[in-house]
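Since the structure comes first, as structure tokens, the remarks are kept for the end.
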Amino acid sequence: MQKVYTTFDEFKEQNTQLGTGLPFAEDTAVLSTPLEICGKVIPNRLTCQAMEGCDGTADGSPDVLTKRRYDRFAKGGAGLIWFEATAVMEEGRANPRQLYITENNLDDFKKQVEDIKEAALKENGYEPVVIMQATHSGRYSKPQGTPAPLIAYNNPIFEKDSPISSDRIVTDDYLDRVQEALVHGTVLAQKAGFDGVDIKCCHRYLNSELLSAFERQGKYGGSLENRTRLLRESVKGALECSPKDFIVSSRLNVYDGFPYPYGFGVKNDGSLDFDPTEPDWLIKELYQYGVRLLNITMGNPYFNPHVNRPYAQGGYEAPEHPLQGVARMLNGIAQLKERNPEMALICSAVTYLGVAAPNVVAAYIRNGGFDLAGFGRTIFAYPDFAKDILKSGAMEKNKICICCSKCTQIMRTKGGTPGCVIRDRDVYMPIYKTQCGSEKK
């Protein structure tokens with residue numbers, strides 16, 4: 001079992017031993033600087049990533065634990081809160097308690113955004129920018145609690161000897177309706193008071209799976225233009241119905257970690273090497289449309305989580321040291337930033353760095369590798385991480401996420417509502433024991 005870094009020296013020593021070459025800065029002041037996107041000022045460079053709680057009501061509204069979580073995030077000081085996956089179609093919900101925005105519960109979402117802004121302003125003296133993630137879960141749809149996949153194509157890597165029935169492959173007409181729903185979700189997000197929308201295209205959910213639909217027939221498969229059609233046309237539609245100061249973005253997978261023809265951003269030579277060619281083309285297209293911010297990620301948390309969230313302990317032994325996974329992510333993002341300096345990029349996969357995270361992301365931002373630092377699992381364990389970084393330039397070792405994957409264990413169980421079992425023990429240890437069987441598991 002690996003260990004998250006509790007001292008800066010531990011990180012520096014292992015960074016040298018492994019030859020990962022991650023840069024780091026002693027001075028993290030750059031993280032306190034604001035950034036303007038589409039007329040909105042993000043107060044600092046720290047981002048709460050979209051961490052789903054699976055704890056909404058049956059109709060998709062925020063519930064008690066949802067409200068508690070965002071109150072903690074709001075008071076924690078991050079300049080940007082990437083609001084979790086919010087379904088725009090009933091059949092596209094990943095679980096029965098996934099958030100789902102509709103005309104009928106719009107007031108509940110409006111109240112949630114107002115509460116976030118009010119809590120942050122009162123606690124920190126500034127309001128964060130809040131972006132809603134609009135999603136269709138596709139392959140991972142489970143609206144009634146049992147799998148009801150809607151797939152872009154059959155994938156033997158996932159399905160092996162039990163292929164999903166071909167009648168679950170979505171038609172082009174259905175994808176046209178998904179595009180309409182994502183644009184409508186954008187309108188609802190504006191009405192609810194969000195500062196922007198994320199047309200979600202990551203982690204092998206429907207939009208992301210289409211990026212690697214090399215062998216699909218029709219207007220959503222084959223060519224790069226076709227495979228990116230749902231994302232591009234949804235983004236265009238979202239921009240067309242949005243005022244100039246509303247941020248239209250995407251949490252975008254630029255590398256899947258699966259061999260061609262089942263992986264996006266992967267060389268077609270049978271290897272798993274990152275190939276930035278197609279992601280670079282897509283980023284340039286989105287910029288031409290008017291997108292100015294992208295939240296970059298890689299991998300699939302259901303299948304190869306060591307790629308997108310390197311862990312100390314997980315469901316399998318990773319084929320690489322976690323620090324190497326962090327380096328792949330951050331250096332891959334930096335490659336794309338070099339090719340697209342005008343596009344603001346948010347990084348991912350820094351939680352494993354522990355107390356070294358502020359120093360590493362500060363170095364990348366200073367060097368022009370990306371523009372904002374996205375923290376995911378960290379915020380379950382340490383919701384006030386940003387406040388500590390902005391105040392002292394550092395994180396406290398007794399607050400950091402230890403990357404034990406217990407939050408994921410909860411999420412993968414039926415009815416599980418994930419949170420940090422270690423740092424938020426009073427709330428989530430009882431849930432973990434009920435859902436996963438024991439504290440030691």
Side-chain angles (χ1 to χ4, degrees), residues 37-40 50 80 82-89 92 101 129-138 152 170 172 174-192 194-213 219-221 223-254 264-265 276 278-297 333 336-337 339-340 342-346 348 371-372 374:
I37 303 290
C38 300
K40 301 281 188 184
L80 177 58
W82 211 269
F83 194 82
E84 69 191 78
T86 303
V88 295
M89 300 174 81
I101 191 168
V129 168
V130 186
I131 294 178
M132 187 196 87
Q133 186 172 78
T135 189
H136 186 300
S137 296
V170 294
D172 286 0
Y174 182 81
L175 291 172
D176 290 343
R177 295 198 296 275
V178 173
Q179 184 260 326
E180 293 169 0
L182 288 166
V183 174
H184 183 58
T186 299
V187 174
L188 294 177
Q190 292 172 35
K191 291 180 178 180
F194 288 98
D195 298 299
V197 70
D198 157 19
I199 306 298
K200 186 176 182 179
C201 190
C202 65
H203 301 161
R204 302 300 290 204
Y205 296 106
L206 185 56
N207 219 329
S208 173
E209 184 164 73
L210 283 164
L211 298 182
S212 60
K219 68 178 184 179
Y220 288 102
S223 69
L224 179 56
E225 291 83 355
N226 285 352
R227 287 181 280 117
T228 60
R229 186 181 302 278
L230 180 60
L231 174 61
R232 292 186 298 103
E233 293 192 351
S234 299
V235 165
K236 280 184 179 179
L239 286 163
E240 287 169 1
C241 71
S242 300
K244 290 185 179 180
D245 66 346
F246 187 79
I247 300 169
V248 175
S249 182
S250 182
R251 180 136 163 85
L252 178 65
N253 248 59
V254 296
F264 182 66
E278 290 196 340
D280 174 53
W281 177 89
L282 179 54
I283 291 171
K284 285 179 167 58
E285 286 290 300
L286 295 176
Y287 187 84
Q288 289 300 315
Y289 298 165
V291 174
R292 294 296 180 265
L293 173 69
L294 290 172
N295 193 336
I296 305 299
T297 185
I333 295 171
L336 293 169
K337 179 65 179 179
R339 294 171 178 232
N340 299 275
E342 67 286 349
M343 181 72 85
L345 301 181
I346 304 171
S348 303
D371 303 273
L372 295 118

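Count residues from 1 along the sequence. Both backbone and side-chain heavy atoms feed into the values below; hydrogens, waters and symmetry mates do not.
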- Judged by atom type as modelled, is there a donor-acceptor pair below 3.5 Å linking the side chain of Asp280 to the main-chain atoms of Pro276? no
- Test the Arg292-Tyr287 pair against the cation-pi criterion, namely NZ or CZ under 6.0 angstrom from the six-membered ring centroid and within 45° of the ring axis. yes
- Query: Short question: side chain of Lys200, backbone of Ala87 - any donor-acceptor pair under 3.5 Å?
  - Reply: no
- Item | Exercise: do Thr297 and His203 side chains pair donor with acceptor under 3.5 Å | yes
- May I ask you to decide if Lys284's main-chain N or O and Arg339's side chain share a donor-acceptor pair within less than 3.5 Å? no
- Query: If we ignore angles and hydrogens, is there a donor and acceptor under 3.5 Å between the side chains of Asn253 and Tyr205?
  - Reply: no
- Task: Verify the distance criterion only: is there a donor paired with an acceptor across the side chains of Glu285 and Thr228 at less than 3.5 Å?
- Result: no
- Item | Interatomic spacing from CG in Asn207 to CG in Leu252 - rounded to 0.5 Å | 9.0 Å
- Message: Among residues at least two apart in sequence or on other chains, which ones pass salt bridge (charged side-chain N to carboxylate O under 4.0 Å, His left out) with Asp245?
- Response: none
- Message: Can you see whether Tyr289 engages Arg232 through a side-chain donor-acceptor pair at a distance of less than 3.5 angstrom?
- Response: yes
- Lys40: partners by salt bridge (charged side-chain N to carboxylate O under 4.0 Å, His left out), with sequence neighbours left out: Asp195
- Message: The criterion is side-chain hydrogen bond (donor to acceptor under 3.5 Å, both in side chains); which residues satisfy it with Arg251, sequence neighbours excluded?
- Response: Asn295, Ser348
- Message: Quick check: closest heavy atoms across Ala238 and Val183, and the distance to 0.1 Å?
- Response: N-CG2, 3.9 Å
- Message: As an exercise, state the distance from CD of Gln133 to OG of Ser250, rounded to the nearest 0.5 Å.
- Response: 8.5 Å
- Under 4.0 Å between a Lys/Arg side-chain N and an Asp/Glu carboxylate O for Lys219 and Asp176? yes
